[in-house]
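FYI, side chains are in, hydrogens and waters are out, and symmetry mates aren't considered; it's all heavy atoms of this structure. First listed ligand is number 1; within each ligand, the first listed atom is number 1. We number each residue from 1, following the sequence as shown.
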Amino acid sequence: MKKLVILISGRGSNMEAIVKACSAEGWPAEVAAVISNRPDAGGLQFAAERGIATAIVDHKAYASRDAFDAELARVIDGFAPDLVVLAGFMRILTPAFTARYARRMLNIHPSLLPAFTGLHTHERAIEMGCKVAGVTVHFVTAELDHGAIVVQAAVPVLPGDDAKALAARVLTAEHRIYPQSVRWFVEGALVWDGEVVRHRDGGPQHLFLS
Ligand SMILES: Nc1nc2c(c(=O)[nH]1)N[C@@H](CN(C=O)c1ccc(C(=O)N[C@@H](CCC(=O)O)C(=O)O)cc1)CN2
Ligand SMILES: NCC(=O)N[C@@H]1O[C@H](COP(=O)([O-])[O-])[C@@H](O)[C@H]1O
């Protein structure tokens, strides 16, 4: 049984989706812990109510990113995960941290990378008049939102959409592709071709959702 540690900063709906997926019969992974950089993260209660270990490493309690990341890594390593899963985790991680979990740390980003790295992706997509938006699951590297792409899902931007409406539509896609991405990893289905990742069977690594 492979072990996951999930990092959150807020409500944790993607963490919830992964926890629920892992509870299904025959799933090859378990969530060993949910860790948040924010003490008020709503997802902590969901995890604790299901008997999942939780921890808080409050970034505001550390004088530097390096100090925060060092403590975060210490807490993570206490659970010896096979995979670290960023799920709405809102801190930029240092190169030393991303190197420590190289090729075993995933993130979900609410845009079709490489478009719209960073924050406020839905607002920016609407401002640009995009007709399609979406979400990307990728490996985490030192360069923000530039790691190898695992899977993407595209959704339409509808007339009259505001950022809230688009975010809700994209979130539905997130909850589909993140558990699938995690399962592919723990099953060893992701193979590297240099810096590019592919599914070993050439399975679909994209979804179009209306
Ligand atoms: N080194 C990396 N760190 C992180 C990555 C990554 O690919 N490489 N992915 C992000 C997730 N993310 C977008 O998907 C993201 C998260 C946070 C930020 C950001 O600007 N954070 C600010 C604080 C914002 C806040 O607290 O609300 C900061 O850290 O100063 C950008 C992108 C996770 N980390
Ligand atoms: N840059 C990272 C980022 O913006 N992540 C986004 O935060 C939301 C978290 O929701 P959740 O806490 O309900 O999973 C999700 O939409 C995720 O894509």
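Not one N or O of Leu144 is nearer than 3.5 Å to an N or O of ligand 1, by distance alone. Between Thr94 and ligand 1, no N or O atom pair is found at a separation short of 3.5 Å. By the 3.5 Å distance cut-off applied to N or O atoms, Leu119 is not counted among the residues near ligand 2.
With respect to Arg74 and Glu71, a salt bridge is recorded, a charged nitrogen being found less than 4.0 Å from a carboxylate O. Under 4.0 Å is where a charged nitrogen must lie from a carboxylate oxygen, and between Lys164 and Glu123 no such pair does.
When hydrogens are left out, the protein atom nearest atom 8 (C) of ligand 2 is Arg11 NH2, 4.1 Å; that is the closest non-hydrogen contact. Nearest protein heavy-atom neighbour of atom 12 (O) of ligand 2: Gly12 N, 3.0 Å. The protein non-hydrogen atom at the shortest distance from atom 8 (N) of ligand 1 is Thr141 O, 2.8 Å. Among all protein heavy atoms, the one lying closest to atom 7 (O) of ligand 2 is Gly88 CA, 3.9 Å. Scanning the protein heavy atoms around atom 12 (N) of ligand 1, the nearest turns out to be Asp145 OD1, 3.8 Å. Given atom 1 (N) of ligand 2, the protein heavy atom at minimum distance is His109 ND1, 3.9 Å. From the protein, the heavy atom lying nearest to atom 3 (N) of ligand 1 is Leu93 N, 3.0 Å. Scanning the protein for heavy atoms near atom 17 (C) of ligand 2, the closest one is Glu174 OE1, 3.3 Å. Nearest to atom 29 (O) of ligand 1 among the protein's heavy atoms is Ile92 N, 2.9 Å.
Under a 3.5 Å cut-off, the side chain of Thr121 and the backbone N or O of Pro110 do form a donor-acceptor pair. With hydrogens and angles disregarded, no donor-acceptor distance shorter than 3.5 Å links the side chain of Arg91 to the backbone of His59. Between the side chain of Thr136 and the backbone N or O of His109 there is no donor-acceptor pair closer than 3.5 Å. Side chain of Lys131 to backbone of Gly129: a donor-acceptor contact under 3.5 angstrom is found. Without hydrogens or angle criteria, Asn14 side chain to Ala87 main chain gives no donor-acceptor distance under 3.5 Å.
The shortest non-hydrogen separation linking Ile177 to Ala153 is CG2-CB, 4.0 Å.
The ligand atoms of ligand 1 that sit less than 4.0 angstrom from a heavy atom of Phe89 are 11 (C), 16 (C), 33 (C). Set against the non-hydrogen atoms of Arg65, the atoms of ligand 1 under 4.0 Å away are 28 (C), 29 (O), 30 (O). Atoms of ligand 1 found under 4.0 Å from any heavy atom of Met90 (numbered from 1 in listed order, with element): 16 (C), 17 (C), 21 (N), 22 (C), 23 (C), 24 (C), 25 (C), 26 (O), 29 (O). If you number the atoms of ligand 1 from 1 as listed, the ones under 4.0 Å from a heavy atom of Thr98 come out as 1 (N). Distances below 4.0 Å separate heavy atoms of His138 from the following atoms of ligand 1: 7 (O). Residue contact check: Ile108 has heavy atoms under 4.0 Å from atoms 5 (N), 18 (O) of ligand 2. Near Asn107, meaning under 4.0 Å from any of its heavy atoms, are these atoms of ligand 1: 9 (N), 11 (C), 13 (C), 14 (O). Close approach to Arg38 involves these atoms of ligand 1, each under 4.0 Å from a residue heavy atom: 26 (O). For ligand 1, the atoms closer than 4.0 angstrom to any heavy atom of Arg91 are 4 (C), 17 (C), 23 (C), 26 (O), 28 (C), 29 (O), 30 (O), 33 (C), 34 (N).
Side-chain contact check for Ser13 and His175: at least one donor-acceptor pair (N or O, by modelled atom type) lies under 3.5 Å. Side-chain contact of Asn37 with Tyr62: a donor-acceptor pair under 3.5 Å is absent, judged by distance alone.
Evaluated for a side chain to side chain contact (heavy atoms under 4.5 Å, CB included) with His138, the options Val197, Val150, Asp145 yield exactly one hit, Asp145. The side chain to side chain contact (heavy atoms under 4.5 Å, CB included) test with Leu106 singles out one residue from Leu4, Leu83, Val84, and that residue is Leu83.
Contacts between Leu119 and ligand 1 below 4.0 angstrom, taking non-hydrogen atoms only, involve the side chain exclusively. When non-hydrogen atoms are compared, ligand 2 lies under 4.0 Å from neither the backbone nor the side chain of Asp145.
Heavy atoms of Ala142 come nearer than 4.0 angstrom to ligand 1 in at least one pair. Within the structure, ligand 2 has Met90 among the residues with a heavy atom less than 4.0 angstrom away.
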*asked:* One pair to check against salt bridge (Lys or Arg N to Asp or Glu O under 4.0 Å): Asp69 and Arg100. What are the steps and the verdict?
replied: CA-CA 11 Å; Asp69 281 13; Arg100 187 180 189 84; over 6 Å; no
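Between His199 and Trp184, the ring planes lie perpendicular to each other; the angle is over 60°, past the 30° to 60° tilted range.
Relative to the six-membered ring of Phe46, Arg50 meets both conditions, a distance below 6.0 Å and an angle of at most 45° to the axis.
When Ser111, Gly118, Pro110 are ranked by how near their heavy atoms come to atom 4 (O) of ligand 2, first place goes to Pro110.
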